[in-house]
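Please read the structure below before turning to the comments.
Note on naming: letters A, B, ... go to the chains in the order of the sequence lines (proteins, then strands), and numbering restarts at 1 for each one.
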There are 2 protein chains.
Amino acid sequence: MTVKRNTWQREAVREALDSRDGFVSAQGLHQGLRDAGSHIGLATVYRTLADLANVGEADSLQSPEGESLYRACASTGHHHHLICRNCGLTVEIAATEVEVWAKKTASDHGFTDARHVVDIFGLCPACTAASA
Amino acid sequence: MTVKRNTWQREAVREALDSRDGFVSAQGLHQGLRDAGSHIGLATVYRTLADLANVGEADSLQSPEGESLYRACASTGHHHHLICRNCGLTVEIAATEVEVWAKKTASDHGFTDARHVVDIFGLCPACTAASA
DNA sequence: CCCGTAATGATAACGGTTATCAATCCGAGA
DNA sequence: TCTCGGATTGATAACCGTTATCATTACGGG
Ligand SMILES: [Mn+2]
Ligand SMILES: [Mn+2]
Ligand SMILES: [Zn+2]
Ligand SMILES: [Zn+2]
């Protein structure tokens, strides 16, 4: 059995991620931890986030600029996101309608083992008001 | 007014892109051009692809690994893609259903200036058969 | 033709991410 | 509680895709 050790670093990343309500980059989370007085290493943050994502404890997606972002989501099952491109505020979206469409579209063309990327980026109400 | 010059490089990129039926990376296209004997520079390929994408002559998306891929699409309007993650084969998809959903989802949550990323990655029929 | 300037391309720089590897320390077993 | 093997860490170098630089080339309106 693969042993999974409990280090304060791993816990620090989990907590830091939980304390945020939007998606964050590894570097952003690392900066936040350092600002809070932690001496955690950047490589560790990268490793831990990637691991949490694999295990399913965190969701990850790529920003339009190609940066990997992470988030500790409330809902456990498969879902998508509506993200503010300015402040990162995120709304979790469950859309059966889109799930069905994606599956049907793939099979209609004979594609197998299909996965989909469905994200909506916009300006949240607050940011919209602020930029008006 | 900004003038748009016709260089053999620009034409070479256009042709190389047209000759492919799947999405390609800038480096991949550059390599193909070099292999065909062209002496075009890598920076030029990057610039031209980005430009063709802005003008609308090419579509672009990010691979799951975060690399920018380009393609000269047949349909001119807004559409999405069903892509074979193995050979790159691409099927253009027009899904009014999803367009409506995306717009409604964003406005329902007060988000403005919303854009969406909708792509399906799978194995095309040929690649599915080959890996069986 | 001429010439102003857009375009090119070799190369350096950039930004995010991963690999290295010696030092650290977690935790199963004694 | 103590030990010790190996998982984990972190400073740093390396990696890789992409963009910035800037001297040189060459498109194209006049
Ligand atoms: Mn889905
Ligand atoms: Mn769409
Ligand atoms: Zn916002
Ligand atoms: Zn295929």
Map Trp8(B) and Leu42(A) onto DNA chain D by nearest heavy atom, then report which one ends up closer to the 5' terminus.
Leu42(A)

For the side chain of Arg10(B), starting at C-beta, report the closest nucleotide among dG16(C), dT8(C), dT18(D).
dT8(C)

Salt-bridged, Arg85(A) to Glu65(A), with N to O below 4.0 Å?
no

Once you round it to whole Å, what is the distance between C1' of dC26(C) and NZ of Lys4(A)?
14 Å

Is there a donor and acceptor pair, one atom on the side chain of Arg47(A) and one on the base of dT17(C), closer than 3.5 Å?
no

Do the side chains of Tyr70(B) and Leu29(B) get nearer than 4.5 Å, heavy atoms only?
no

I'd like to know if the side chain of Ser75(B) reaches the main chain of Cys73(B), judged simply by a donor and an acceptor atom lying under 3.5 Å from each other, with no hydrogens or angles considered.
no

Parallel under 30°, tilted from 30 to 60°, perpendicular over 60°: which one fits the rings of Phe23(A) and His81(A)?
perpendicular

Interatomic distance, His39(B) NE2 vs dA7(C) P [rounded to whole Å]:
23 Å

Take atom NE2 of His30(A) and atom P of dA11(D), then tell me their distance rounded to the nearest Å.
8 Å

Rounded to whole Å, CG of Asn6(A) lies from P of dT8(D) at a distance of 10 Å

Counting only heavy atoms not in Arg34(A) (residues, nucleotides, ligands), do more than 12 fall under 6.0 Å from its CZ?
yes

I want to verify a distance call: between dT18(D), dT17(C), dG10(D), whose nearest atom is closest to the Gln27(A) side chain?
dT17(C)

Should Ser68(A) be listed as having a side-chain N or O under 4.0 Å from OP1 or OP2 of dT17(C)?
yes

Once you round it to whole Å, what is the distance between P of dT8(D) and CD1 of Ile40(A)?
14 Å

Heavy atoms under 4.0 Å, any strand shown: does Ser25(B) hit a base, just sugar-phosphate, or nothing?
nothing

Expressed as a whole number of angstroms, how long is the span from Glu65(A):CD to dG17(D):P?
19 Å

To the nearest Å, how far apart are Gln62(A) CD and dC16(D) C1'?
14 Å

Whole angstrom value for the distance that separates P of dA7(D) from CG of Asp51(A):
14 Å

Quick check for you: among dC26(C), dT8(C), dG17(D), whose closest atom lies nearest to any side-chain atom of Thr7(B)?
dT8(C)

Respond yes when some side-chain nitrogen or oxygen of Tyr46(B) is under 4.0 Å from OP1 or OP2 of dT18(D), and no when none is.
yes

Under 3.5 Å, is there any donor-acceptor pair linking the side chain of Arg5(B) to the base of dA7(C)?
no

